[in-house]
Each structure stands twice: as C-alpha cells, then as structure tokens.
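Here the structure is laid out as structure tokens; the discussion comes afterwards.
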Amino acid sequence: MNDAISYADSNDKKWSEACLCADLYITVEIARTYGLKAFAEDLVDLLKPHISDELFDQALSFRRRTFDGEEFHRHCRQVRSKREQQVARLAAQTARLPSSHPRAWKRDVANYVLGHHRYQLPVGQGGFNVGTLRDLGRNEAIWRASLASDAIPSADFIYVYDCGSDPIAGVIQSVRSIVARRLSRRLDMLFVSHFDRDHICGIPYLLHEKTGLRVDTIVMPYLDDTDRIIAFARSGATSGERGAERFHEDAVVDPVGTMARFGPRQIVVVMPESEDEGGSGLFELPPAEPPRSGPDGMPWKCKGSARERSAPPPARRTPEGATIVQRIEFEIAAGPHSGWLLKPYVKRASQQDREAFCAAVEVLLQWPKGSFQDKVKIEKERRGLVTKHRMAVSRAYAWAFGDKNETSLSLYSGPAEPHTAGAVLRNSQMFASARVGWMGTGDTSFKDPLAVHRFQHHYRDELDWVTTFMLPHHGSAHNFDPSLFVVDAELWVAAAQPIHLHWKHPAPEIIKAIKASGARFRRVGSSPKSLLEEKMVVFWPR
C-alpha cells in the first residue's frame with residue numbers, strides 16, 4: 001500500500017478520516033478477490049459509522065483513482081499461494097476419509113496401496129491381537145471389497161501380538177476361529193510381550209504342529225535368568241489349567257528352547273535399549289546375521305533405527321541359537337516412501353526391584369546371601385523354583401515389586417512413512433489426519449516419569465500417528481498414571497474380564513481421565529460383541 005496518501009483537503013480532518021476508511025475498504029475488496037479476509041475489515045466497521053455516506057462515497061471515488069494497490073495485490077497472491085500449498089499437501093499426504101466419501105476412491109496417483117486390518121479378540125482377561133496386511137494394487141473394486149470382507153484368509157502378511165487368557169478357554173476358541181479361516185496356515189510374525197500365563201498360554205494352540213499355524217519369526221523380549229523367575233513369580237500365586245501351567249513353566253525355564261519346539265525359521269530376542277537397563281551384555285556374545293525376510297510371504301527388511309534408514313541392526317547369537325538385537329524395526333513391503341512398520345521396545349524391571357527380589361528369595365529359601373544369581377544359572381534350580389517353590393517366589397515378588405510389573409515388550413504398528421500416507425477407513429468420520437497407528441504395551445509400567453520419557457523418546461517419530469492405544473496390564477491403575485498420558489490417542493482399549501474381584505481392570509479413574517480428555521474408551525472382554533475390529537486402506541501418493 002502507498003504510504004504517501006494525498007487528500008483533496010489535508011486540513012479537513014473529516015476528509016482525512018474518510019480517505020483512510022476508503023483505503024481500508026479497498027484493501028478489503030482486494031483481499032476478497034483472492035478468497036482472503038483482511039484484518040482491515042474490522043477497522044472499516046469501526047470507522048464508517050462516523051463518516052457520512054456522501055463524504056465516504058466521494059473519498060472512495062477519489063482513492064480508487066489514486067490508490068496504488070500493486071504491493072497489496074502481491075502480498076495477497078503470496079498468502080493465497082502458501083495456503084493452497086498447505087491445503088494441497090494436507091489433502092494429498094494426510095487425508096483420512098470415510099469409505100462413503102466420494103473423494104475417498106479417487107486415488108489414481110497412488111503409488112502403493114495396502115489394506116490393513118487389526119482385531120483385538122474377545123478372549124477375556126488376557127491378550128490376543130491379530131494384524132493383517134494385503135497388497136491391494138490399484139483396483140478400486142478390490143479396495144472397497146477389502147473394507148467389508150474378512151482379512152484373515154487373504155492376508156499377504158499376518159502377525160500376532162500375545163496369545164493368552166485366564167481362563168484359557170477364551171483364547172482357545174479365538175485361536176480355532178483364526179486357524180480355520182487361515183487356509184495357508186502361515187503366520188509371519190508372533191510378538192510376545194512378556195511371559196505372564198494370561199499372555200502366552202494360547203501359543204501351544206496357535207502354533208500346534210497339526211491343528212495350528214506355522215510361524216516364520218518369533219520376537220520376544222530378552223529375559224536373563226533372574227528376569228524369567230520374576231516373570232513367573234508374579235502369577236505363580238494363582239493357578240490355571242495344567243497344560244497352561246506346564247507351558248508357562250517351560251517358557252520361564254527355557255524361553256528360546258520352548259519357542260523353538262514350534263519350528264520357527266528364526267527367533268529374535270530384543271534387549272532393553274539402554275545399557276543401564278541390561279543392554280551392555282549384547283556384545284559379549286558372538287556376532288550373527290541380522291534377522292531377514294523368508295522366501296515366502298510378503299517381503300520385509302529390518303533396520304537398527306529410523307535415523308539409520310538402510311543400516312541393519314547389529315546382531316548376536318545366543319547360546320540357544322536365537323538372534324539377539326538391542327534395537328530393531330521391521331518394515332513390511334518396504335519401499336522408498338511406503339510400507340508398514342512394526343517397531344518393538346523393551347522396558348526392563350528396575351535393578352533395585354530385581355535385587356530386592358533376589359534377596360527375598362534367598363531369605364525365604366534359606367540360601368546363602370548373594371547366591372541367587374549363580375543358582376538360577378542352573379536349569380534344575382530354575383525348574384525347582386517354578387514347581388516346588390512357586391509360593392516362595394510369589395511371596396518374594398509381592399514383597400519386592402508389589403503390584404508393579406516386570407520386563408515387557410511394547411509394539412508400534414503403523415505406516416512406515418505416516419507423514420506421506422493417506423488412509424480410507426471403514427465407518428469413520430472425516431478427519432484431516434492420517435493417524436491409523438496402533439500401540440500395544442503388554443504389562444509395561446507407565447507410573448515413573450522417567451520410564452514414560454524413555455518410551456516417548458524411543459517412539460518419538462511414531463507417537464503422533466497412534467490412534468489406538470492398548471492400556472498396559474488390562475487397564476490397571478498400578479501400571480498407568482492418568483496424569484502422565486503417554487500419547488494423545490483417539491481410542492484407548494483395555495483387554496479385561498477379571499475373574500478375581502480385587503482386580504480393578506480397568507481402573508475407573510483411568511476410564512474417567514480418558515473420557516475427560518475427549519478420547520474414547522473401549523473394553524474388550526469375553527463377549528463376542530466386544531470384539532474390536534479396525535479396517536483401513538492405506539495409500540502412498542506418487
């Protein structure tokens with residue numbers, strides 16, 4: 001706008017005010033031609049009532065002839081261009097539309113399209129999450145059909161996060177349903193969060209040699225001898241069916257050997273990330289090839305971290321033959337700007353609690369002080385602790401840990417490049433966001449601010465894209481502090497159907513805090529109606 005404004009009579013104050021109002025009025029007109037709203041619009045509304053209509057019309061006619069608006073035109077063009085770029089980028093990269101929206105299927109420029117379905121199965125008190133991926137090509141009819149069909153039979157890639165329940169009948173029924181629908185019998189990945197009975201007791205049925213699925217890769221957290229006894233001790237005071245008990249005992253005594261019975265192509269063990277949580281022992285083992293995709297199924301690759309896009313993780317070989325890594329990410333159907341990410345994180349029990357547990361067992365069993373670490377290296381001693389002395393180790397756990405939980409593996413599942421991906425969801429509202437990520441947390445404890453900070457740091461590139469968050473330990477208040485919200489999720493889920501009345505799963509105060517934040521809460525229990533099923537088509541524009 002020209003700062004040098006000449007007026008017909010500069011000594012006439014009313015004329016000066018009229019010309020100023022006319023100048024502002026002209027800028028408002030120019031802004032409107034570009035679809036913009038000028039801040040001067042409010043000023044015009046303030047000034048104009050104090051100027052007569054005749055005087056304003058004269059001033060406006062004069063200023064239309066003398067006003068130099070080229071600079072303001074240029075400014076408006078720049079503002080409009082920036083806004084158009086922002087809108088286009090948002091629409092192309094982060095649009096999430098309901099399947100009924102007419103624009104949802106106009107994806108002619110899509111470079112790659114994946115169908116992703118996930119199921120939180122109604123097994124009761126436990127955990128059983130199934131995720132599927134399918135290459136949908138560019139056929140609109142296939143995209144649409146995928147949102148209405150069962151994904152289990154036709155999935156190109158299928159993974160499971162935990163498989164167990166208490167009582168075991170709940171998970172057995174769900175396993176049979178999954179196996180019956182999966183005619184190829186292929187399971188690409190099984191993730192084990194931790195070794196509580198209600199999270200693993202369904203695995204022998206899921207991976208049964210004759211009536212189950214054939215697993216390619218098993219991923220589980222690193223547990224040393226002490227960790228494994230601690231894992232057993234938390235649920236040792238309760239009992240389950242003998243078959244579930246036996247498998248639980250075997251998994252604690254020798255987790256790699258127990259899982260190897262199911263014939264996986266490879267077992268991947270993930271250590272806690274930081275050295276002060278146990279990672280320093282990694283490089284004492286012999287080097288090994290990093291985990292790799294098999295010849296069948298949808299291909300995938302692994303890497304050490306998001307900061308090292310092409311570098312595979314340093315791997316070592318355990319004495320039992322598993323591949324052990326400290327930090328790993330699995331990219332399924334990976335491309336330059338596409339694919340699906342499965343990213344685990346292991347949170348270890350605190351060293352102080354571990355030492356207190358060891359000391360408590362030594363006292364209860366009258367072992368020499370400081371002898372626990374050496375004794376549990378012997379398989380016979382470990383077997384005795386989980387059979388003959390199970391009540392003693394349970395009492396030691398209650399004394400050392402209280403209601404806290406032990407080492408656990410969390411898992412993020414979502415688009416590998418979420419900021420460049422769009423998605424079409426079934427039965428959704430319209431959002432200007434591509435948040436379709438899922439987070440499973442096992443029995444991780446989020447009561448300690450430092451633990452929350454470490455978790456958030458590990459998932460710093462993924463947390464903003466999480467829409468569905470599984471509460472740890474079935475929504476127990478002992479594992480989650482509502483004042484330390486880990487993520488801004490849209491849907492919070494608790495897999496809970498407690499058979500013990502003193503278990504407040506999920507905790508009422510957590511549910512209240514979630515709803516107060518504006519998010520939704522969902523409990524998946526034992527009723528088939530509580531099944532949580534999320535279906536989507538994810539695409540990456542060229």
Side-chain angles (χ1 to χ4, degrees), residues 117-134 150-220 240-269 293-298 300 320-322 332 342 409 411 440 442 495 526 528 531 533:
H117 294 194
R118 52 183 176 244
Y119 308 81
Q120 187 67 38
L121 295 162
V123 299
Q125 187 78 0
F128 191 12
N129 186 277
V130 178
T132 68
L133 293 168
R134 183 184 174 192
D150 179 12
I152 301 295
S154 57
D156 296 320
F157 185 95
I158 182 170
Y159 67 92
V160 167
Y161 179 77
D162 282 347
C163 183
S165 69
D166 187 12
I168 196 174
V171 75
I172 291 177
Q173 183 177 354
S174 291
V175 164
R176 288 173 177 169
S177 174
I178 295 295
V179 173
R181 290 144 58 193
R182 186 66 173 167
L183 299 182
S184 70
R185 293 187 62 196
R186 178 179 175 83
L187 174 62
D188 294 275
M189 284 188 176
L190 168 64
F191 291 88
V192 178
S193 70
H194 62 295
F195 287 87
D196 264 6
R197 186 176 60 244
D198 61 346
H199 286 254
I200 65 170
C201 66
I203 292 177
Y205 300 89
L206 180 70
L207 304 183
H208 191 276
E209 181 181 4
K210 295 182 179 179
T211 60
L213 302 179
R214 294 186 291 264
V215 66
D216 179 81
T217 301
I218 296 177
V219 183
M220 57 188 186
E241 292 84 348
R242 183 53 197 155
E245 289 285 1
R246 181 67 180 180
F247 178 71
H248 188 205
E249 295 166 0
D250 290 345
V252 166
V253 173
D254 180 14
V256 173
T258 300
M259 295 299 174
R261 298 175 195 167
F262 303 115
R265 186 175 57 85
Q266 59 190 347
I267 297 176
V268 181
V269 180
S293 178
D296 303 321
M298 186 174 276
W300 53 266
E320 300 83 8
I332 320 302
L342 296 173
L409 180 148
L411 182 69
S526 58
L531 165 71
E533 185 176 6

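All values reported here derive from a predicted model rather than from experimental measurement. Keep in mind that the numbers below use all heavy atoms, side chains included, and drop hydrogens, waters and symmetry copies.
Sorted by first and then second residue, the ring-ring contact (aromatic ring centres under 6.0 Å, His included) pairs with a member in residues 159-189 read Y161-W438; sequence neighbours excluded. Listed by first then second residue, pairs satisfying side chain to side chain donor-acceptor pair (under 3.5 Å) with a partner in residues 201-210 read H208-T211, not counting sequence neighbours.
Across all non-hydrogen atoms, the minimal contact from G297 to D188 is CA-OD1, 4.4 Å. Contact detail for F247 and C201: the closest heavy-atom pair is CD2-CA, 4.4 Å. Between V123 and V171, the shortest heavy-atom distance links the atoms CG1-CA, 3.8 Å. The two residues A151 and T132 have their closest heavy-atom pair at CB-OG1, 3.3 Å. Closest non-hydrogen pair, P264 versus M259, comes out as CD-O, 3.4 Å. Here the shortest heavy-atom pairing between P122 and P528 reads CG-CA, 3.9 Å.
Using a 4.5 Å heavy-atom cutoff, the side chains of R118 and V130 are not in contact. At least one side-chain heavy atom of V160 sits under 4.5 Å from a side-chain heavy atom of F128. Using a 4.5 Å cut-off on side-chain heavy atoms (C-beta onward), R214 and R186 make no contact. Counting only heavy atoms from C-beta outward, the side chains of I218 and V268 never approach each other to under 4.5 Å. Between L206 and L213, some side-chain heavy-atom pair lies under the 4.5 Å cut-off. Side-chain contact check for I178 versus L121: some heavy-atom pair is nearer than 4.5 Å. At least one side-chain heavy atom of L342 sits under 4.5 Å from a side-chain heavy atom of M189. Between D162 and F191 there is no side-chain heavy-atom pair separated by less than 4.5 Å.
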Stepwise side chain to side chain contact (heavy atoms under 4.5 Å, CB included) test for R185 and V179: CA-CA 7 Å; R185 293 187 62 196; V179 173; 5.5 Å; no
R181 vs D150, side chain to side chain contact (heavy atoms under 4.5 Å, CB included): CA-CA, chis, key distance, verdict: CA-CA 9 Å; R181 290 144 58 193; D150 179 12; 2.8 Å; yes
Test log, rule side chain to side chain contact (heavy atoms under 4.5 Å, CB included), inputs F157 and R134: CA-CA 7 Å; F157 185 95; R134 183 184 174 192; over 6 Å; no
Side chain to side chain contact (heavy atoms under 4.5 Å, CB included) between H194 and I200, intermediate numbers included: CA-CA 8 Å; H194 62 295; I200 65 170; over 6 Å; no
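Rounded to the nearest 0.5 Å, atoms CG (D296) and CZ (R265) are 9.0 Å apart. Annotation: the span from H117 atom NE2 to S154 atom OG amounts to 8.0 Å, rounded to 0.5 Å.
Of the options C163, P204, S165, a side-chain contact (heavy atoms from CB on, under 4.5 Å) to V175 is made by C163 and by none of the others. Among I267, L207, V219, T217, the single residue meeting the side-chain contact (heavy atoms from CB on, under 4.5 Å) criterion with L190 is L207.
Looking at H248, its side chain does come within 3.5 Å of a backbone N or O of F195 through a donor-acceptor pair. No donor-acceptor pair under 3.5 Å is formed between the side chain of R197 and the backbone N or O of I168. Remark: the backbone N or O of W300 is paired with a side-chain donor or acceptor of S293 at under 3.5 angstrom.
For D156, the salt bridge (Lys or Arg N to Asp or Glu O under 4.0 Å) criterion is met by no residue, not counting sequence neighbours.
Residues Q125 and D198 bring no donor and acceptor atom of their side chains to less than 3.5 Å of each other.
For Q266, the CD atom counts as densely surrounded, since its 6.0 Å shell holds more than 12 non-hydrogen atoms of other residues, nucleotides or ligands.
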